[in-house]
Amino acid sequence: AEQSGLLDTIWPDISAIEARVGKPRRRLLMGESMGGLNSLVLGLSHPQHFDKVAALCPNVYQDSPFASLSQIRAAMVRTGAEPGIIFGIWQLARRYVSHTDAWRRISPLALIEGVAMQAASPSLYLSGGLYDRYGLYEGTELLAQRAAQRGLQTEWHPIYGGHCAIDIASLGAFLVR
């Protein structure tokens, strides 16, 4: 739903599924690109319910879609993002979040500030391509730094490659530990 980005739909569905099949020993979230963002939003919004979150090239941006045009232009220069891609993401983001406060409620960079290091916090696996045309590397690296500063078990994997380049070996090792 545009008003919640489906967060209000997904969480009750998980509970309903587990009511039928039983609660798993561990809950893991994994997603790539927009799925990586969704995994982070769900995992950081309900950190006590997930053991691990793997976000591969997640759409994490330092700048809000409500930033000024000059800030967005500076972010494109800083990150090497392609203008056409950023314009499309800017339009999509503004369709699903209507103002800065709504953005903060789903921004992983804001959500991580509310996650305290505790036994119930998920471990994070974050990766990003050094040559990502979407400009995601900067925000994902910053998220990894903030998570580590908060004491969360965090693995940061900068990958030599473009959007959605994956290190399968390190991802597999993270998921099975």
Side-chain angles (χ1 to χ4, degrees), residues 5-7 10-11 14 18 23-65 67 75 78-81 85-86 89 93 96-97 100-177:
L6 292 178
L7 185 60
I10 292 170
W11 186 246
I14 291 171
E18 290 179 1
K23 186 176 176 183
R25 286 181 295 132
R26 299 183 311 155
R27 282 194 194 112
L28 311 176
L29 289 170
M30 185 180 87
E32 180 177 49
S33 193
M34 185 61 79
L37 171 64
N38 292 333
S39 295
L40 287 168
V41 171
L42 183 57
L44 297 176
S45 295
H46 299 282
Q48 68 278 17
H49 295 293
F50 295 97
D51 296 291
K52 295 183 179 202
V53 177
L56 317 170
C57 293
N59 295 38
V60 177
Y61 290 98
Q62 183 171 335
D63 298 288
S64 151
R78 204 174 54 242
T79 65
I85 289 173
I86 292 302
I89 290 171
Y96 285 92
V97 291
T100 300
D101 289 339
W103 173 254
R104 284 190 196 111
R105 285 195 297 272
I106 64 163
S107 169
L109 290 170
L111 288 170
I112 198 68
E113 299 303 322
V115 178
M117 198 307 235
Q118 53 189 299
S121 297
S123 298
L124 298 178
Y125 177 101
L126 301 166
S127 69
L130 290 164
Y131 305 104
D132 190 315
R133 302 175 316 156
Y134 290 74
L136 304 175
Y137 185 91
E138 174 190 64
T140 307
E141 181 180 42
L142 183 58
L143 178 62
Q145 291 168 357
R146 287 185 182 175
Q149 288 169 352
R150 297 197 61 73
L152 279 98
Q153 184 177 353
T154 305
E155 291 187 30
W156 166 233
H157 294 271
I159 309 291
Y160 184 81
H163 185 62
C164 293
I166 299 170
D167 178 1
I168 296 170
S170 68
L171 174 61
F174 171 79
L175 293 172
V176 299
R177 270 196 296 280

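Along the sequence shown, the residues carry numbers beginning at 1. Since the model is a prediction, treat every value here as computed from it, not as a measurement.
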Inset, instruction - May I ask you to decide if the ring planes of Tyr131 and Tyr160 are parallel, tilted or perpendicular, using 30° and 60° as cut-offs? - result: perpendicular
Legend entry - Atom pair CD/CG of Gln145 and Leu109 - distance to nearest 0.5 Å: 10.0 Å
Legend entry - Contact summary for Pro65 and Val97, nearest pair of heavy atoms: CG-CG2, 4.3 Å
Legend entry - Contact summary for Trp156 and Thr140, nearest pair of heavy atoms: CZ3-CG2, 3.4 Å
Legend entry - Interatomic spacing from CZ in Arg177 to CD in Glu155 - rounded to 0.5 Å: 4.5 Å
Inset, instruction - Test side-chain contact (heavy atoms from CB on, under 4.5 Å) on Leu40 and Leu126 and set out the steps. - result: CA-CA 10 Å; Leu40 287 168; Leu126 301 166; 4.0 Å; yes
Legend entry - Donor-acceptor contact below 3.5 Å, side chain Arg104 vs main chain Ala110: no
Legend entry - Minimum side-chain heavy-atom gap His46-Leu29 below 4.5 Å: no
Legend entry - Atom pair OG (Ser45) and CD1 (Ile106), whose distance is rounded to the nearest 0.5 Å: 9.0 Å
Legend entry - Flag, side chain of Asp51 to backbone of Pro122, donor-acceptor distance under 3.5 Å: no
Inset, instruction - Drop me the distance from Cys57's SG to Leu136's CG, to the nearest 0.5 angstrom. - result: 6.5 Å
Inset, instruction - Determine yes or no for a side-chain-to-main-chain donor-acceptor pair under 3.5 angstrom, with Arg133 supplying the side chain and Ile85 the backbone. - result: no
Legend entry - Nearest heavy atoms of Ser121 and Val115, plus distance in Å: OG-CG1, 3.8 Å
Legend entry - cation_pi(Lys52, Tyr125) dist<6.0 Å, angle<=45: no
Legend entry - Distance, nearest 0.5 Å, that separates CG of Leu44 from CD1 of Ile112: 4.5 Å
Legend entry - Shortest non-hydrogen contact between Ala54 and Leu171, atoms and distance: CB-CD1, 3.8 Å
Inset, instruction - State, to 0.1 Å, how close Arg105 and Leu111 come at their nearest heavy-atom pair, and which atoms those are. - result: O-CD2, 3.4 Å
Inset, instruction - Assess the side chains of Thr79 and Tyr61: does a donor N or O sit below 3.5 Å from an acceptor N or O? - result: no
Inset, instruction - Nearest 0.5 Å please: distance from the CG atom of Leu42 over to the CG atom of Leu37. - result: 11.0 Å
Legend entry - Min side-chain heavy-atom separation His163-Ser33 under 4.5 Å: yes
Inset, instruction - Taking all heavy atoms of Val60 and all of Pro108, pick out the closest pair and write down the distance. - result: CG2-CG, 3.9 Å
